[in-house]
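So you know, we letter chains A, B, ... as the sequences are listed, proteins then strands, and number each from 1. Side chains are part of it too, since the values below use all heavy atoms of this structure and drop only hydrogens, waters and symmetry mates.
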Amino acid sequence: MRKGNLDQVKHVLLVLSGKGGVGKSTITTELALAFRHAGKKVGILDVDLCGPSIPRMLSVGKPEVHQCDSGWVPVYADPQQQQQLALMSIAFLLEDSDEAVIWRGPKKTALIGQFVSDVAWGELDILLVDTPPGTSDEHLAVLENLRKHRVDGAVLVTTPQAVSTGDVRREITFCKKTNLKILGIVENMSGFVCPHCSECSNIFSKGGGEELAKLTGSAFLGSVPLDPLLTESLEEGRDFLQAFPESSTFTAISHIANTLLNSLNA
Amino acid sequence: MQCENICDTTTLKIMQSELGITGKKESKLRHNIHVFLCIACLNLLSFLLDCPGTSSDQAGKSSACQGCPNQSICASGATKAPDPAIEEIKQKMTSVKHKILVLSGKGGVGKSTFSAHLSHALASDSSKEVALLDVDICGPSIPKIMGLEGEQVHQSGSGWSPVYVEDNLAVMSIGFLLSSPDDAVIWRGPKKNGMIKQFLRDVDWGEVDYLIVDTPPGTSDEHLSIVQYLSGAGIDGAVIITTPQEVSLQDVRKEIRFCKKVNLPILGVIENMSGFVCPKCKNTSQIFPPTTGGAQRMCEELNLPLLGRIPLDPRIGKSCDEGKSFLTEVPDSPAAAAYQSIVQKIRDYCASHSASDVSC
């Protein structure tokens with residue numbers, strides 16, 4: 001077991017949701033890009049072993065994972081630049097990207113333990129941990145292995161409708177039970193503005209995230225709209241924030257990122 | 001250095017004897033394996049190789065087992081004996097004519113929404129008995145979607161009674177066992193496994209024409225458990241749900257591989273959230289764009305039936321939030337028509353197949 005790989009990581013932030021498909025990986029990716037644009041050195045640990053989405057969203061392909069004296073070298077999403085965005089995901093360890101990782105809990109727990117301790121992150125301002133939906137092996141494994149290192153807290157992602165917030169309430173209970181500070185709630189997919197006529201449709205309802213924050217006494221970080229340009233950027237692994245700085249989605253994400261940066265530095 | 005030499009010899013032996021890997025594939029695999037130097041390397045190698053299975057002759061003895069926390073249990077032979085629950089469940093399931101799993105590698109694509117509406121549609125024929133089992137232990141959405149929040153299960157002499165939405169539509173979910181909507185089920189795999197076993201063995205379903213099983217996203221404990229425990233009884237097949245974008249499809253392809261690995265027939269794939277028609281100007285927007293050809297291209301590549309495409313309709317989410325059936329609330333919508341067409345295909349499939357024809 002490598003010691004000290006997290007010693008030079010200033011802040012650790014988990015991105016959680018009880019619900020699947022609300023945009024955890026999307027928000028993790030966009031926050032990472034926003035933090036990087038703000039001059040921070042960022043790492044992303046993708047502990048969704050069955051459905052690792054981050055590598056595609058950052059267009060890193062299938063690089064080989066190398067080793068150094070301290071452990072596994074993370075993959076850098078920006079090799080031309082100063083290695084400001086480091087990434088580790090099971091996707092890099094699978095030869096065939098369509099291969100299913102059909103593991104029960106104990107095996108997942110063991111690999112996540114190694115991901116947390118044996119990746120040589122080096123100096124990072126912020127390590128974001130993207131998680132699968134739920135409150136099970138992966139989440140417990142991450143927290144248990146991060147126990148020796150300070151975890152600043154968790155960002156909870158929801159979509160507005162009750163079926164989502166219903167699951168996220170359970171995730172909030174998980175955070176309280178594991179003494180994980182909730183930095184705030186993000187309401188994703190919050191309204192869709194038709195590009196043809198600008199009519200706003202609340203496809204997945206609206207306001208549920210904000211209500212959930214009030215109900216549970218958590219901070220509300222903001223709403224991010226449904227934006228096909230964002231989805232397309234993620235599909236193609238493009239930096240949405242660089243490509244569409246005029247959009248209301250950019251404003252929403254930047255606001256959330258700045259709020260988090262302020263609370264981390266406080 | 002010493003470690004490197006040991007690893008090299010060991011990895012070579014493993015590759016040659018167990019994987020049959022030679023040539024170009026060998027050097028790529030060797031490189032990846034080479035990463036895992038030192039004592040931990042064999043542990044990590046096991047993650048690249050498949051677990052032989054707890055009931056295999058190699059259980060606990062294969063090189064893939066080294067470092068696995070359960071190795072000693074498997075090696076003792078305790079896991080080789082077939083779980084008696086499988087036979088018990090097989091007996092229980094003799095009164096269930098058809099069993100369908102609703103799967104997706106990806107979260108949030110509409111598995112629970114589809115499972116609920118499939119159940120409603122099948123139960124609209126009052127001569128049919130329908131059962132809906134929710135095995136999403138951490139995120140049970142079915143009670144809310146079926147308008148059954150706050151209901152509790154009761155125990156009788158013949159087991160747990162499911163909750164009835166209609167006379168001919170029964171539902172079971174861990175949601176009914178929780179006393180508060182804030183209760184979190186923070187369980188590791190083995191406990192989830194036990195719950196699923198109980199759902200299949202101890203719920204008094206009675207005579208059922210269709211048992212629909214809603215699952216969480218992924219390919220893990222819940223999925224392995226449901227397939228394992230129904231292996232005696234047989235499963236008609238799986239319906240796979242996706243949304244059009246590649247971020248979904250890449251996870252769904254893994255789910256399809258899972259089905260193939262466990263010999264689970266795939267009825268077909270449904271593309272959900274397939275376009276949004278603006279209620280004002282009636283133009284269509286691809287909110288989740290099919291950048292790599294959507295489910296259609298994936299089905300063509302993998303030779304699977306595309307059962308249908310369901311458009312995004314805000315009234316679907318609203319119905320789910322209110323616990324009502326969208327098919328009853330807005331029966332004339334394009335989305336409802338898409339649902340009904342897909343349901344008919346599933347009815348037809350079941351009519352022409354029998355679960356006992358299939359072994360998992």
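Between R104(A) and S225(B), some side-chain heavy-atom pair lies under the 4.5 Å cut-off. For the pair T231(A) and P289(B), the minimum side-chain heavy-atom distance is below 4.5 Å. The side-chain heavy atoms of P244(B) and E235(A), taken from C-beta on, include no pair separated by under 4.5 Å. Counting heavy atoms from C-beta outward, C278(B) and H196(A) have side chains that stay 4.5 Å or more apart. Within the 4.5 Å cutoff, the side chain of F204(A) has heavy atoms near those of the L312(B) side chain. In this structure, the side chains of P216(B) and P133(A) stay at 4.5 Å or more apart for every pair of heavy atoms. Looking at heavy atoms from C-beta onward, I203(A) lies in side-chain contact with I287(B) at the 4.5 angstrom threshold. Two residues are said to be in side-chain contact when any heavy atoms from C-beta on lie closer than 4.5 Å; P279(B) and S201(A) meet this criterion.
The candidate from G110(B), S180(B), P140(B) with the greatest count of non-hydrogen atom pairs under 4.5 Å with chain A is P140(B). Top candidate by heavy-atom pairs under 4.5 Å with chain A, chosen from D183(B), L178(B), T219(B), V185(B), is T219(B). Considering only heavy-atom pairs separated by less than 4.5 Å from chain B, the leading option among L230(A), I102(A), T173(A) is I102(A). Of the listed residues (K191(B), K192(B), K106(B)), the one with the most heavy-atom contacts under 4.5 Å to chain A is K192(B). Comparing P181(B), S141(B), S112(B), S285(B) by heavy-atom pairs within less than 4.5 Å of chain A, the highest count is held by P181(B). When P228(A), S136(A), P195(A), G134(A) are compared by the number of non-hydrogen pairs under 4.5 Å with chain B, S136(A) comes out ahead. Contact count against chain B (heavy-atom pairs under 4.5 Å) is highest for A162(A) among G21(A), G20(A), A162(A), G105(A). Note on D313(B), L224(B), T243(B): by heavy-atom pairs under 4.5 Å with chain A, the leading option is L224(B).
With a threshold of 4.5 angstrom between heavy atoms, N202(A) approaches chain B through N, CA, C or O but not through any side-chain atom. For K177(A), the part sitting under 4.5 Å from any heavy atom of chain B is the side chain, from C-beta outward, and nothing else. In this structure, the portions of Q245(B) lying under 4.5 Å from any heavy atom of chain A include both its backbone and its side chain. Neither the backbone nor the side chain of V22(A) comes within contact range of chain B, judged by heavy atoms closer than 4.5 Å. With a 4.5 angstrom heavy-atom cutoff, E236(A) touches chain B only via side-chain atoms. Neither the backbone nor the side chain of T159(A) has a heavy atom closer than 4.5 Å to any heavy atom of chain B. When heavy atoms are compared at a cutoff of 4.5 Å, S104(B) does not approach chain A at all. Proximity to chain B is limited to the side chain of L226(A), based on heavy atoms less than 4.5 angstrom apart. Only the side chain of D96(A) comes within less than 4.5 Å of a heavy atom in chain B; its backbone stays farther off. Of the atoms belonging to I145(B), it is side-chain heavy atoms, and not backbone ones, that fall under 4.5 Å from chain A.
In this structure, D136(B) CG and D167(A) CG are separated by 7.0 Å, a value rounded to the nearest 0.5 Å. A distance of 10.5 Å separates CG in L234(A) from OG1 in T291(B), rounded to the nearest 0.5 Å. Summarising the geometry, atom CG belonging to D221(B) is positioned 5.5 Å from atom NZ belonging to K108(A); distances are rounded to the nearest 0.5 Å.
Counting non-hydrogen atoms of neighbouring residues, nucleotides and ligands closer than 6.0 angstrom, the NZ atom of K206(A) exceeds 12 such neighbours.
Heavy-atom neighbours of chain A within the stretch residues 247-255 of chain B, taken at a separation under 4.5 angstrom, comprise V247(B), Q250(B), D251(B), R253(B), K254(B).
A search for salt bridge (Lys or Arg N to Asp or Glu O under 4.0 Å) contacts involving E149(B) returns K144(B), not counting sequence neighbours.
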Checklist line | Steps toward side-chain contact (heavy atoms from CB on, under 4.5 Å) verdict (T113(B), V163(A)) | finding: CA-CA 10 Å; T113(B) 303; V163(A) 168; over 6 Å; no
Next item on the list: May I have the step-by-step check of side-chain contact (heavy atoms from CB on, under 4.5 Å) for C194(A) and K280(B), ending in yes or no?
Entry: CA-CA 9 Å; C194(A) 177; K280(B) 190 174 176 196; over 6 Å; no
